[in-house]
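Please read the structure below before turning to the comments.
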Amino acid sequence: MEFSDTYKHTGPCCFSPDARYLAIAVDYRLVIRDVVTLKVVQLYSCMDKISNIEWALDSEYILCGLYKRAMVQAWSLSQPEWTCKIDEGPAGIAHARWSPDSRHIITTSDFQLRLTVWSLVNTACIHIQWPKHASKGVSFTQDGKFAAIATRRDCKDYVNLLSCHTWEVMGTFTVDTIDLADLEWSPNDSAIVVWDSPLEYKVLIYSPDGRCLFKYQAYDSWLGVKTVAWSPCSQFLAVGSYDQTLRTLNHLTWKPFAEFVHVSTVRGPASAVVFKEVEEPWHLDVSGLHLNDDSAHDIQDGKPA
């Protein structure tokens, strides 16, 4: 196993999606290194300490979130002279992310007052009021054409469907949750799963037109859903709960067909082989060393002559 030299960093590090570059935050600077040679490819100066780094999906652009200044700065690797600065002012910025087309930046203001879509093509911006969460509650279809955004108003949770081409709201429907935790499109873009906060066990499957396809609740009166994930083929939905059980639902009936319990102690088979890398101290064996006659004449009273 070989290790590179150590490099200073004071903030987040992030690999580009094409695995060619490594972005490193060092105080007010953003350092872009080549993954193979680790040489500096680009060096950018920010206006404040970097809180967050995110690459665009095409690895062409990169943004830095300067949340203390309510600001986002973005750069292009192929056009070093190009730069972008987004300043939300008193509204603040709690989170920033890229859209799937890598040409729009989506920011969420402090206290979830609004979600703003900023275009890098024509400098236009679109506001969506009352997003549910800062860093969650936003999901895109696999082709990047549509977005589902969770919002909350009048003590009710909603899902807004937007076109990622015009960023216009195509539809809005309410969801039967007390406090929506998150949502996610299925990989085949045919359904949206919504789950409630840990205080209420509730998993809801919706079609894009707002119809509730299924409501799943394994138990009540205890902590509920911890995490939810689709299978890549969209045929199964895994629901992890606070009772340390993983329940898998099928896409035909949306009923569980398998349960896996995570025990507190994991015991492997007796035949399992485990390897551990141990760093041994370096020893110098001098037993085989001896002085020749010429060297012996040069030493007097234990000191070099």
Side-chain angles (χ1 to χ4, degrees), residues 51-52 54-57 61 63-67 69-74 84-186 189-197 204-212 228:
S51 304
N52 182 44
E54 184 170 321
W55 287 90
L57 290 180
Y61 297 91
L63 68 78
C64 292
L66 316 177
Y67 298 153
R69 281 206 178 194
M71 189 179 298
V72 172
Q73 290 185 266
C84 171
K85 184 179 72 171
I86 298 174
D87 191 347
E88 274 281 22
I93 296 179
H95 186 71
R97 79 190 86 200
W98 287 99
S99 66
D101 64 358
S102 302
R103 296 301 180 267
H104 294 82
I105 295 177
I106 303 173
T107 62
T108 306
S109 66
D110 291 335
F111 308 107
Q112 290 79 58
L113 297 178
R114 69 186 184 191
L115 182 145
T116 307
V117 181
W118 307 83
S119 173
L120 304 184
V121 179
N122 54 17
T123 67
C125 65
I126 298 174
H127 301 292
I128 299 172
Q129 299 296 324
W130 318 121
K132 177 69 178 186
H133 301 288
S135 60
K136 301 185 299 181
V138 177
S139 181
F140 298 94
T141 55
Q142 291 295 312
D143 56 11
K145 294 183 178 180
F146 303 100
I149 300 177
T151 60
R152 185 175 180 88
R153 63 180 184 272
D154 300 330
C155 299
K156 293 182 179 180
D157 293 325
Y158 294 83
V159 173
N160 296 358
L161 299 182
L162 284 79
S163 167
C164 293
H165 178 66
T166 61
W167 294 102
E168 295 180 353
V169 178
M170 302 178 60
T172 302
F173 57 88
T174 60
V175 291
D176 185 21
T177 55
I178 296 177
D179 185 11
L180 185 148
D182 207 351
L183 56 80
E184 186 177 352
W185 281 94
S186 62
D189 304 332
S190 64
I192 303 173
V193 61
V194 176
W195 60 97
D196 218 326
S197 71
L204 303 165
I205 311 296
Y206 285 92
S207 63
D209 59 3
R211 291 179 295 112
C212 184
V228 175

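All of these numbers come straight from a predicted model, not from anything done at the bench. For the numbers below, each heavy atom of this structure counts, side chains included, while hydrogens, waters and symmetry mates do not.
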Problem - Salt-bridge contact Arg211-Asp209 (side-chain N to carboxylate O under 4.0 Å) - result: yes

Handout entry: Where Asp87 and Ala70 come nearest, the two heavy atoms and their spacing
Key = OD1-O, 3.3 Å

Handout entry: Pairing residues for Phe146 by the ring-ring contact (aromatic ring centres under 6.0 Å, His included) criterion, not counting sequence neighbours
Key = none

Which atom pairs, one a donor and one an acceptor, fall under 3.5 Å between side chains of residues 169-178 and the rest of the protein, sequence neighbours left out?
unit_1	atom_1	unit_2	atom_2	d
Thr172	OG1	Asn160	OD1	3.3
Thr177	OG1	Asp157	OD2	2.7

Handout entry: Donor-acceptor pair, side chain of Ser119 and main chain of Ala124, under 3.5 angstrom
Key = no

Handout entry: Which atom of Thr116 lies closest to which atom of Cys125, heavy atoms considered
Key = CG2-CB, 4.0 Å

Handout entry: Minimum heavy-atom distance Ala134-Thr108, with the two atoms named
Key = O-OG1, 3.2 Å

Handout entry: Whether Trp98 side chain and Glu54 backbone form a donor-acceptor pair below 3.5 Å
Key = yes

Handout entry: Under 3.5 Å donor-acceptor, Asp154 side chain and Lys156 backbone
Key = no

Exercise for the section: Provide the closest heavy-atom pair for Ala96 versus Thr107 in the form atom of the first, atom of the second, distance. Expected result: CB-CG2, 4.1 Å

Exercise for the section: For His133 and Leu180, indicate whether the former's side chain and the latter's backbone hold a donor-acceptor pair under 3.5 Å. Expected result: yes

Fill in the blank from the handout: Those residues at least two apart in sequence (or on a different chain) that pass salt bridge (Lys or Arg N to Asp or Glu O under 4.0 Å) with Glu184 are none

Fill in the blank from the handout: Interatomic distance, CD1@Ile105 vs CD1@Ile86, rounded to 0.5 Å, equals 4.0 Å

Practice task
Taking the side chain as every heavy atom from C-beta outward, state whether Lys145 and Cys164 have any atom pair closer than 4.5 Å.
Solution key: no

Handout entry: Between CG on residue Leu66 and CD1 on residue Ile93, distance to nearest 0.5 Å
Key = 8.5 Å

Practice task
Drop me the distance from Ile149's CD1 to Ile128's CD1, to the nearest 0.5 angstrom.
Solution key: 3.5 Å

Practice task
Keeping to residues at least two apart or across chains, list the salt bridge (charged side-chain N to carboxylate O under 4.0 Å, His left out) pairs with something in residues 92-113.
Solution key: Asp58-Arg103

Practice task
Return the orientation label for the His95 and Tyr67 ring planes: parallel under 30°, perpendicular over 60°, tilted otherwise.
Solution key: tilted

Handout entry: For the student: nearest non-hydrogen atoms of Lys85 and Gln73, plus distance
Key = CG-CG, 4.3 Å

Handout entry: Minimal non-hydrogen separation, Ala91 against Ser109, with atom names
Key = O-CB, 3.6 Å

Practice task
Supply the atom-to-atom distance Ser102 OG to Leu120 CG, rounded to the nearest 0.5 angstrom.
Solution key: 9.5 Å

Problem - With sequence neighbours excluded, residues passing side-chain contact (heavy atoms from CB on, under 4.5 Å) with Ala148 - result: Val159, Leu161, Leu183, Trp185, Ile192

Problem - Worked check of side-chain contact (heavy atoms from CB on, under 4.5 Å) between Leu162 and Ile126 - result: CA-CA 11 Å; Leu162 284 79; Ile126 298 174; 5.9 Å; no

Practice task
Would you give the length of the straight line joining atom CD1 of Ile106 to atom CG of Leu115, rounded to the nearest 0.5 angstrom?
Solution key: 6.0 Å

Problem - Which residues share a ring-ring contact (aromatic ring centres under 6.0 Å, His included) with Trp167, sequence neighbours left out - result: His104

